[in-house]
Each structure stands twice: as C-alpha cells, then as structure tokens.
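Note sheet for the following structure.
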Protein chains: 2
Amino acid sequence: MGSRNTRERVLAAAGRLFRLQGYAGTGLKQIVSESGAPYGSIYHFFPNGKEQLAHEVIRTSGPEYGRLVLMLLNSRADPLAALEFAFRQAAEDLAGTDYADACPIATIALEVANTSETLRVATAEVFADWVDGATAWFGRFVPGDEQAKMLAFAMISMLEGAFVLSRAARSTDPLLAAGKAIVDLTGNVMRQSNVSGRP
Amino acid sequence: MGSRNTRERVLAAAGRLFRLQGYAGTGLKQIVSESGAPYGSIYHFFPNGKEQLAHEVIRTSGPEYGRLVLMLLNSRADPLAALEFAFRQAAEDLAGTDYADACPIATIALEVANTSETLRVATAEVFADWVDGATAWFGRFVPGDEQAKMLAFAMISMLEGAFVLSRAARSTDPLLAAGKAIVDLTGNVMRQSNVSGRP
DNA sequence: GTCTATAGTTCGATAGAC
DNA sequence: GTCTATCGAACTATAGAC
C-alpha cells in the first residue's frame, strides 16, 4: 500500500510549506495539493487535523535538523573550524534555496508560543534537546557544564536570530557574522580554561 | 475628530496581535474588534488593506523598539554593564507579559520572508537600521568598523534567537545566557584591542 | 479503508446606506 | 466621510459514497 508513502509525502509537504509560509499561513488544501494526496488523507492519518499534523512535523523535522547540525560540528576535529564550517554551510544552504531552508520550526514556534499550548510545548522540547546535544558537544572542549551550556544557548540563539535577519535581508552576512562571533566566543572560553592564571 | 485616534488605536491593536499571533494568524475583524473601531475604518485609513496595515506596523513599532534597546544600552556608562542590563531587562519584560512582549516584527519577518516582497523589504530595512545603530554604539568602545559591526550583528541575532527559545520554553534562561555571551564576547574584543601585541 | 463532496465558519475586501 | 451589510473565496472539519 502507498499508505505509508502518502503519509510521509503529506508530512514532507507540510514541513516545507510551514517553513516557507508559517503555520497559520498554510492551508490544508495547499498541503494535499502539493503532496498529491487526496484531501481525506489528512484526517485519515492525522485525526486531530492541522494541529496534529504540525505536531508531527515539529517532532520529526526538529530532531532531524538538530542531527544535521551536530553532524556538521562533528565533521571537523578542531571545534573552532567546525563552528565556522557549520555556520558557513547554513549560510550556503540558505542562499542556495532562495532563502527558504532555515530552521524548520522557528516560524511555527513564534506563531504558536501564545496560541497553542500543545505546539508550544513540542517546539520547546525540540529546542531543549538541541541545547542538550550542543552542551554535550561543547563539553568536549571546555570544562564545566555551565560554560558548555552557555555556549550551547549562545550558538543556537545566534543561529536562530541570524536566520531571521538573513532571510529578511536576503543576505548571508548576518549568518557569517554570527559564525565569526560564536567562533570568537568559544575560542576565548577555551583559552581562559587552558591558561590557569595570568602572567 | 477622533480620526487620528482611531487610526492609532487600530495600529496599536494590530501590532499587539501580530506580535502575539503572527500576521497570517490575525484577522482584520479581530483587529477592529479589539480596537473598538468600525470595520470600514481599516480600509478608510489603510486603503491597501491588511498588507498596508502590517507595513505601517513594521515601520512604526520596529524603529520604536530599536530606540528602546538603544536607550537601555545608553543608560549605563560601562558597555558591559549596559549589555547585561539590556538583556536582563528584555528577560524581565518578556516574563512579565506572559511571554508576549518580545521582538515586535520577528514573527512577521519569518512569515513574509518568502510570501510578501513588500513586507520583507520593510522588515529588512528595520533590521538594517538596528544594525547601524548598534554598530555606532559598539564603535564607541571597540576600534574598527568591522569589529563593531560584527558585535552589532551578534547582539541582535542573539537577542532575536533567544526570544524564540525563551518564548517557546517560557523561560528567561536563554535570554540571560545570551546576555552573558554577548558580554563575554564584547569584553574579549575590547581587551584584545587595548593590548597591542602578544608577549 | 480511500477519497469526494460539502457543511459551517471565517477570511479579506467592497458596495452602498446614511 | 462613517459605518454596516454582504460578497466571493478561502479555511477546517466531516459526512457519506464507493
């Protein structure tokens, strides 16, 4: 049966459209139209309608994007080179997709923060997992969980914020500046911990 | 005549609702309902309808928020204390308004980045003005326009991104961590420029 | 079980009463 | 000029044919 296939095509189309137009700005008709599925499929696979569909988009594309970023970070042995590479890659992906492929859940997160408790919690859990993963990654290079967590918050906030500015300006400058900033910040934290005292 | 008054009440209600629910998620009927204005007032004051209304919201609340942040930064002589104060104040404002009062145009910016060229350009211009203002502010403490501009991008990106995470988690932790990060980063840049060479 | 047709509501926008 | 009533087109959700 193409069931499983249809379900995933609907999810993929919904994810793409939510990223591009937001949650409220995307209609179910447009989703089935783009995925080539009949309208009834939505309520067959997602009985709770649009909210359940968005919930599954958040819980699939969110962790998926987190794994992608971690993979970029782990592709370089030097942490500073890895950070620089990850942000440059994010910038190239963004510019190469007509400034569409940024964070898959940020627009939804802002839209639903005060309108749907269910979806807000789902986005919060995704971000929390990202912070945990990034904290573990930074923990390999800086001592102390507080400093690693601070760098994790800084990196993710910087990435999310730079996505807002870069998409608005249709320029990779904010993302590249954000990459330089997190590289500088991380380098300074590493340097401070390697040197025990001051001359 | 209460005309001018009605127009501003509509603008205020629209700004409030766009921040809380986004652009696509807010209906014109809800805006006139909350502002107490008759429905026809929208098309009387904003002949181009919803898009023109959003355009004016962006071009009024955007610069207004930029001035607020610059005022917070200028309220302390020490730049690091000023940065720490501004981010702490943003965190308190957010928590004190049920996590509603974050950036007035970020949600709209993400929603319209690929759907309305007119509104995208409007948000881009607001962000560009913020970056210019912040670059001038940082320029008072670090030498070189490139470094000041990098810090300006970093500060604004960090603020915007931390707003996303803090609103989703209903926690001020991301904003406070972002504040600590930009303080550290700025302090390091200032220190590096005060010391001419390395031993 | 898969899909179509449609109900019921709300949207942005406008015509026309006053 | 100010406002009300309503339009046509979306929307989400569902009932029911096949």
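Here is the naming used below: chain letters follow the sequence lines, and residue numbers restart at 1 for every chain.
- Of the candidate nucleotides dG1(D), dC3(D), dT14(D), dG1(D) has the atom nearest to the side chain of H44(B).
- A straight line from NZ of K29(B) to C1' of dC7(D) spans 10 Å, rounded to a whole angstrom.
- The CD1 atom of I31(A) sits 11 Å away from the C1' atom of dT12(D) (whole-angstrom rounding).
- Looking at which nucleotide of DNA chain D each of P38(B) and P47(A) is closest to, the 5′-most match is held by P38(B).
- Listed candidates were dC3(D), dG12(C), dA13(D). Nearest to the side chain of S41(B) is dC3(D).
- A donor-acceptor pair under 3.5 Å links the side-chain atoms of R167(B) to the main chain of Y99(B), judged by distance alone.
- Contact between the side-chain N/O atoms of Y43(B) and the OP1/OP2 oxygens of dT14(C) is not found at any separation under 4.0 Å.
- Ring-plane geometry between Y23(A) and F18(A) is classed as perpendicular, the angle between the planes exceeding 60 degrees on a 0 to 90 degree scale with a lower cut at 30.
- Without hydrogens or angle criteria, S193(A) side chain to M190(A) main chain gives a donor-acceptor distance under 3.5 Å.
- Note: CZ (F45(B)) to C1' (dT2(D)) measures 9 Å, nearest angstrom.
- Atom-to-atom, NZ of K50(A) to P of dT14(D) comes out at 15 Å; the value is rounded to the nearest Å.
- Remark: P of dA13(C) and OH of Y39(B) are 7 Å apart, rounded to the nearest angstrom.
- The distance from atom CD1 of I42(B) to atom P of dC11(C) is 12 Å, rounded to the nearest whole Å.
- With T107(B) contributing its side chain and G22(B) its backbone, the two residues share no donor-acceptor pair below 3.5 Å.
- Rounded to whole Å, atom P of dC11(D) lies 7 Å from atom CD of Q30(A).
- In this entry the distance linking CG of L28(A) with P of dT10(C) reads 16 Å, nearest Å.
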